[in-house]
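Please read the structure below before turning to the comments.
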Amino acid sequence: MKRHLPGPAPSANPAPKPRPGFPARLVPLPAAAAAKGARPAVAAPVASARSAAAPRSPGQPSQPPRGTGMDSQAVRWAMVRKLEAQGVSHPAVLAAMRTVERHRFVDSALANQAYEDTSLPIGLGQTISKPNVVARMCELLCQGSREKLGRVLEIGTGCGYQAAVLSHLAREVYSIERLRGLHDKARENLRGMRLSNLHLLFGDGMLGYPKGAPYAAIIAAAGGNDIPDAWIEQLAVGGRLVAPAVTGSDRQNLVVVDKTATGVVRTVLEAVLFVPLKSGVA
């Protein structure tokens, strides 16, 4: 189901025509500042030890998986084979899912369920999304391109798992979280990875992060009654937004928004169940 909405007013200085799915150019990001009406605080890029290297292409690993238990490549690769069987096919997405160790983002008591296709509690009434949902939404962002995304904004860092996956798919990722406890938890979870292109922010995600706009892609891990106007305004022409939202059927669906030079096109996809989108910080 698609509907066209009026496009944004033309600019007096229009940017060069971008390639589909990518901004015409990346705007240099100034020193981090609080967005209007929010209290975000930009943290330094997360960096430390390197995570395991991904294979060259799905089904053709550069070396056989080794190890046992949750640290085993074999466990993650088995999860990815299930994702492929469920229809996920983008090579970069599969490689990222194979690389990022999901068990490091859940409580130790739940580590034995980390590679099952299920959501798990991460505290403060929030959950880590199912691997299939993470892969599905990331594949929608990357659809039609084999190149890395440009600058990406993630709404709802949570425990940091999806942000880590996105860091392998984009040149730069800004991830914002409204709950201080989860922001701190994500920072701790990501501390042991070398993800210099990932930046964590604390603030109201409903406002987006205008200092980093325009974004080649925006992805949300919480669903509201509609897509906030601020997100669409911060999306680059030629960019794509993927988020859950309540549709005309009064149920939550996955929604894709493509921003064109003449307006935006919304596509409503399958029914989903995400935590509610809220404003403010806590």
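Every value quoted in this text rests on a predicted model; they were computed, and no experiment measured them. One-based numbering along the sequence shown.
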Query raised in the report: If you draw the axis of the six-membered ring of Y115, does the NZ or CZ of R102 fall within 45° of it and under 6.0 Å from the ring centre?
Result: no

Report task. Determine the interplanar angle of the Y174 and H199 rings, folded into 0 to 90°, and report it as parallel if under 30°, tilted if 30 to 60°, perpendicular if over 60°. Result -> parallel

Query raised in the report: So, does E139 use its side chain to make a donor-acceptor pair with the main chain of H90 at under 3.5 Å?
Result: yes

Query raised in the report: Do we see a donor-acceptor contact under 3.5 Å between the side chains of R240 and Q143?
Result: yes

Requested in this report: Assess whether atom CG of L124 is packed by more than 12 heavy atoms of other residues, nucleotides or ligands within 6.0 Å.
Outcome: yes

Query raised in the report: Does the side chain of E172 pick up a donor-acceptor pair with the side chain of N197 at under 3.5 Å?
Result: no

Query raised in the report: Any link between V256 and L141 through a network of hydrophobic side chains (Ile, Leu, Val, Met, Phe, Trp, Tyr) touching at under 4.5 Å?
Result: yes

Query raised in the report: Where the side chain of E177 meets the backbone of G203, is there a donor-acceptor pair that is under 3.5 Å apart?
Result: no

Requested in this report: From the options L241, L153, I227, select the one residue that forms a side chain to side chain contact (heavy atoms under 4.5 Å, CB included) with L235.
Outcome: L241

Query raised in the report: Do any N or O atoms from the side chain of R76 and from the backbone of R98 form a donor-acceptor pair under 3.5 angstrom?
Result: yes

Query raised in the report: Just wondering, more than 12 heavy atoms not from R251 lying within 6.0 Å of its CZ?
Result: no

Query - V275 reachable from L277 in the ILVMFWY side-chain graph, under 4.5 Å edges - result: no

**Report entry** D204 side chain to M206 backbone, donor-acceptor under 3.5 Å
**Finding:** yes

Query raised in the report: Can you find a side-chain donor-acceptor pair between E154 and S175 that sits under 3.5 Å?
Result: yes

Query raised in the report: Any donor-acceptor pair under 3.5 Å linking the side chain of Q234 with the backbone of L207?
Result: yes

